[in-house]
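These notes concern the structure reproduced below.
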There are 4 protein chains.
Amino acid sequence: MKIAPDTFNVAVGSAEPIYRQLFDGVRRRISAGQFRTGDEMPSVRELAQVLAVNPMTVSKAFSMLETAGILQRRRGLTMVIAPARTHRVEDAAVLLRPSLRRAAREARELGLAREQALQLFNDVLDEPGSET
Amino acid sequence: MKIAPDTFNVAVGSAEPIYRQLFDGVRRRISAGQFRTGDEMPSVRELAQVLAVNPMTVSKAFSMLETAGILQRRRGLTMVIAPARTHRVEDAAVLLRPSLRRAAREARELGLAREQALQLFNDVLDEPGSET
Amino acid sequence: MKIAPDTFNVAVGSAEPIYRQLFDGVRRRISAGQFRTGDEMPSVRELAQVLAVNPMTVSKAFSMLETAGILQRRRGLTMVIAPARTHRVEDAAVLLRPSLRRAAREARELGLAREQALQLFNDVLDEPGSET
Amino acid sequence: MKIAPDTFNVAVGSAEPIYRQLFDGVRRRISAGQFRTGDEMPSVRELAQVLAVNPMTVSKAFSMLETAGILQRRRGLTMVIAPARTHRVEDAAVLLRPSLRRAAREARELGLAREQALQLFNDVLDEPGSET
DNA sequence: GTGGTCTAGACCACA
DNA sequence: GTGGTCTAGACCACG
């Protein structure tokens, strides 16, 4: 029910803004069914400390998630995952497609055949997950 | 020998900086064998006009390519693709891997099975190329 | 820890580009031990104002220093001197040699004897420092 | 009497403009007594070919030397070193000092003691001459 | 507040 | 013609 703060991970050195990593990370985990309606987020302060980032950054991500109808604010308590009716639970395909499109365009410019690109993706899927 | 200016394409609205798009585009085309040592780049001004961007933006990309040993300056003339010994022609896999890693990480967070992710990538590879 | 903006000085009229003067100046001060890992650079805007140059000029120098692994970016904060492992702290001899080589070549072309050239350098070392 | 074209050498890759290298090279050799009044320069065309540079570049250097009273034009013939009365034969010290000043300033910023700087210059004077 | 990106336009150095 | 440098000023993203 309560989501552990170490569920999240951000790459501070990444070109991807931290708040965006948090925002997208929550959306993906909801899509994956890992976070469910009513689950309690860590507090801004706690999460900021665990991730070693500025609380304002976490707060910004949370606010965006609230605006998107994904989180709900509760006076004096931590935010919770909103009921599905306030936001569309995105299909995994929809969330993943932008990254795949980018990779596909690059593969095309690199002159890679479909089989080569797919093989390469297959290999990468084997790697243990780490942040970039 | 002389590279046509319309070989390049940039998405001015993209989050990816224009100069970065140019930089990476050149690297990929070299990797693909489309650009070769000694090939002459368009002039900064010409390319800037064709792409409808500021010459300084193009100049910045060219300077970065020179710093990377990929382009060579010739006083009074346009820049040329440098000999391979000054810059390691990157393997396509090396250039593509970062984008695939990102997609793989997202697929993992989305709880997608390998087969689903590969199928999705396969579908996207069918789409006609367009910039983002 | 914080580096004072007036530590830097540039000669705007010099043939040496301003951004290059800044770049080399930082390298030399690191070599001299005057700047150390973790020291905070002035902000781009502050330094630009003190030097009475355009912020983009300072920014270009900083970017080059970052590319060289000498400075590190910190989102929302000023840049800092990077740990030595990312950039080789250059030996003073290495940094000074190019200028000495040039002088030596000229002395040779001028037909100066070693003693004359050394004497002349000794005299010049007495002059109070000023920019060119 | 006729100056051999291979007396000159330029570094096309240098930051120093080619025409400047030629201009200063002639001045230094006159100062050294290597070139004397009446000595015949190579033709623009010949020198350009030997150095593998654009004839306009050589021509520019020659014109500047003429403007400085150092060379004299002769209809249909190559230019010659002008008599000393039309230009000051510069003292070697005057011609060398700018480069030494630069080196001295850098040595200062590097925190080098006088003895270290002199020692380093002495070492460099031992190196066989090459262009930079 | 921080730095990043881009523009429009100028001037210079070089060939 | 080429690229390099700099300016003034705008807007954005991030924290």
Side-chain angles (χ1 to χ4, degrees), chain A residues 12 14-22 48 51-61 63-64, chain B residues 10 12-22 40-48 51-63 65-66 71-80, chain C residues 10 12-22 40-48 51-63 65-66 71-80, chain D residues 10 12 14-22 48 51-61 64:
Chain A
V12 289
S14 165
E16 188 91 2
I18 296 169
Y19 81 90
R20 200 97 182 63
Q21 297 179 42
L22 287 171
L51 298 178
V53 300
N54 192 311
M56 271 188 60
T57 306
V58 177
S59 180
K60 178 171 184 175
S63 293
M64 287 178 66
Chain B
V10 293
V12 289
S14 166
E16 188 92 1
I18 296 171
Y19 75 88
R20 202 92 184 68
Q21 297 180 43
L22 285 172
E40 299 171 15
M41 294 290 284
S43 79
V44 168
R45 286 165 170 89
E46 183 185 14
L47 186 51
L51 298 178
V53 301
N54 189 290
M56 264 198 79
T57 305
V58 176
S59 180
K60 178 169 183 176
F62 281 18
S63 293
L65 286 163
E66 189 204 6
L71 289 187
Q72 272 184 342
R73 206 191 311 271
R74 302 178 301 168
R75 290 210 257 217
L77 301 174
T78 63
M79 302 179 88
V80 294
Chain C
V10 293
V12 289
S14 167
E16 189 91 1
I18 296 171
Y19 75 88
R20 201 93 184 66
Q21 297 179 42
L22 286 171
E40 300 171 14
M41 294 289 286
S43 79
V44 167
R45 287 165 169 89
E46 182 184 15
L47 186 51
L51 298 178
V53 299
N54 190 292
M56 263 198 80
T57 305
V58 176
S59 180
K60 178 170 184 177
F62 281 19
S63 292
L65 287 162
E66 189 204 6
L71 290 186
Q72 272 183 342
R73 206 192 311 272
R74 303 179 301 169
R75 291 210 258 216
L77 301 175
T78 64
M79 302 180 87
V80 295
Chain D
V10 294
V12 289
S14 165
E16 187 91 2
I18 296 169
Y19 82 90
R20 201 91 181 71
Q21 297 179 43
L22 287 172
L51 298 178
V53 300
N54 193 309
M56 270 188 60
T57 307
V58 176
S59 180
K60 177 171 185 175
M64 289 178 65

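Computed from a predicted structure; not experimentally measured. Letters A, B, ... mirror the listed sequences (proteins, then strands); counts begin at 1.
- Between B:Met79 atom CE and F:dT2 atom P the separation is 14 Å, expressed in whole Å.
- Straight-line distance from the CZ atom of B:Arg74 to the C1' atom of F:dG1: 13 Å, rounded to whole Å.
- Listed by chain and number, the residues in a salt bridge (charged side-chain N to carboxylate O under 4.0 Å, His left out) with B:Arg20 are B:Asp24 (sequence neighbours excluded).
- B:Arg45 comes within contact range of at least one nucleobase, with a heavy-atom separation under 4.0 Å.
- For C:Glu46 and E:dT2, the CD to P distance is 8 Å, given to the nearest whole Å.
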In dot-bracket form, how is DNA chain E paired, counting a Watson-Crick or G-U wobble pair only if both its distances are under 3.5 Å and using | for bases paired to another strand?
-> ||||||||||||||.
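- Considering CE of C:Met41 and CD of C:Glu66, their distance stands at 12.0 Å, rounded to 0.5 Å.
- Atom CG of B:Leu77 and atom P of F:dG1 are 14 Å apart (whole Å).
- With sequence neighbours left out, C:Glu46 forms a side chain to side chain contact (heavy atoms under 4.5 Å, CB included) with C:Lys2, C:Pro5, C:Pro42, C:Ser43.
- Put simply, the side chain of D:Leu22 reaches to within 4.5 Å of the side chain of D:Leu51, judged on heavy atoms.
- Residue whose closest nucleotide on DNA chain E sits further toward the 5' end, between B:Arg75 and C:Thr78: C:Thr78.
- Between the CG atom in C:Leu77 and the CG atom in A:Asn54 there is a gap of 8.5 Å [rounded to 0.5 Å].
- Residues satisfying the side chain to side chain contact (heavy atoms under 4.5 Å, CB included) test with B:Val44, not counting sequence neighbours, are B:Pro55, B:Val58, B:Ser59, B:Phe62.
- F:dT2 atom C1' lies 16 Å from atom CD of B:Gln72, rounded to whole Å.
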Listed pairs, N/O of protein and of nucleotides 5-7 of chain E, under 3.5 Å:
from	atom 1	to	atom 2	distance (Å)
E:dT5	OP1	B:Tyr19	OH	2.7
E:dT5	OP2	B:Tyr19	OH	3.1
E:dT5	OP2	B:Lys60	NZ	3.4
E:dC6	OP1	B:Ile18	N	2.5
E:dT7	OP2	B:Asn54	N	2.8
E:dT7	OP2	B:Thr57	OG1	2.8

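- Atom C1' of nucleotide E:dG3 and atom CD of C:Glu40 are separated by 15 Å, given to the nearest angstrom.
- The shortest distance between side-chain heavy atoms of B:Leu65 and B:Met79 does not fall below 4.5 Å.
- The salt bridge (charged side-chain N to carboxylate O under 4.0 Å, His left out) test applied to B:Glu40 returns no partner, not counting sequence neighbours.
- For the pair D:Val10/D:Thr57, no side-chain contact is recorded, criterion being any heavy-atom separation below 4.5 Å from C-beta on.
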